[in-house]
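Below: the structure, in structure tokens.
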Amino acid sequence: GENVEQHPSTLSVQEGDSAVIKCTYSDSASNYFPWYKQELGKRPQLIIDIRSNVGEKKDQRIAVTLNKTAKHFSLHITETQPEDSAVYFCAASDGGATNKLIFGTGTLLAVQP
Amino acid sequence: DTEVTQTPKHLVMGMTNKKSLKCEQHMGHRAMYWYKQKAKKPPELMFVYSYEKLSINESVPSRFSPECPNSSLLNLHLHALQPEDSALYLCASSPNPYGGGNTEAFFGQGTRLTVV
């Protein structure tokens, strides 16, 4: 089955700096890669996603890149703000009969003001 | 309505109790999920319903019993739980169980369960 690894587990940056979180996946059939942000005590919220027919996607200060050959994808946050502080999870899915999402282990991002 | 709603938000139950968690969505999504999340861990898939039929059971103990009465509702019946079952239980839904373009999963706010 699919296995998703995520690094780093914690990341501390200064406000205004960029943050990068990286994930690798094992199943070449995976074709959908969402990123979720989870603030303390709240639900995971989808912030951006990418499908396997696209190499990069951007939405304001966040972007995701996908390298299908290497089976890795990354989240990039520019001009970080304190409200970006949260746990970020990557996930992978084969979008098949079950649309089963397998999550990475999470990255705790702390943006220092 | 673009939300997944879960009730109750918090639940404390004894090991001999029977309780149910409820999840509701009115987005027309045909896949619904139960996830379990322990502190500082990622959500862990428990069950998947596709078109109101159970399509995946991730080897979950029988003390957890899911039910999907209709396309908008998902229940999780709890019986004889153990303290280690204490966790945040998240419901999610997505538009199309068979993949394709719409595979986004939207999560409810969760039920924080404590078993005493």
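- Within the 4.5 angstrom heavy-atom criterion, no atom of A:Gln45 approaches chain B.
- Both A:Val54 and A:Val64 are members of a single hydrophobic cluster when ILVMFWY side chains are connected at heavy-atom separations under 4.5 Å.
- B:Phe106 has its side chain out of reach of A:Arg43: every pair of non-hydrogen atoms, C-beta onward, lies at least 4.5 Å apart.
- Placement of B:Leu21 and B:Met13 within a single hydrophobic cluster is found when ILVMFWY residues are connected by side-chain heavy-atom separations under 4.5 Å, directly or transitively.
- For B:Lys38, the NZ atom sits in a packed shell: over 12 heavy atoms of surrounding residues, nucleotides or ligands are nearer than 6.0 Å.
- Both the backbone and the side chain of A:Pro44 have a heavy atom closer than 4.5 Å to some heavy atom of chain B.
- Clustering ILVMFWY residues whenever any of their side-chain heavy atoms sit less than 4.5 angstrom apart, transitively, puts A:Tyr36 in a cluster other than the one holding A:Ile77.
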*Given the rule in the side chain to side chain contact (heavy atoms under 4.5 Å, CB included) test, do B:Tyr35 and A:Leu101 qualify, once you have shown the distances and angles that lead to the verdict?*
CA-CA 10 Å; B:Tyr35 283 86; A:Leu101 279 178; 3.5 Å; yes
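- No more than 12 heavy atoms of other residues, nucleotides or ligands sit less than 6.0 Å from atom CD of A:Gln60.
- Within 6.0 Å of the CD atom in A:Glu79, the count of heavy atoms belonging to other residues, nucleotides or ligands does not exceed 12.
- A salt bridge does not link B:Glu44 with A:Lys100: none of the charged nitrogens is closer than 4.0 Å to a carboxylate oxygen.
- For chain A, the option among B:Lys40, B:Gln37, B:Arg112 with the highest count of heavy-atom pairs below 4.5 Å is B:Gln37.
- Minimum interatomic distance between A:Phe103 and B:Pro43 (heavy atoms only, all atoms of both residues): CD1-O, 3.6 Å.
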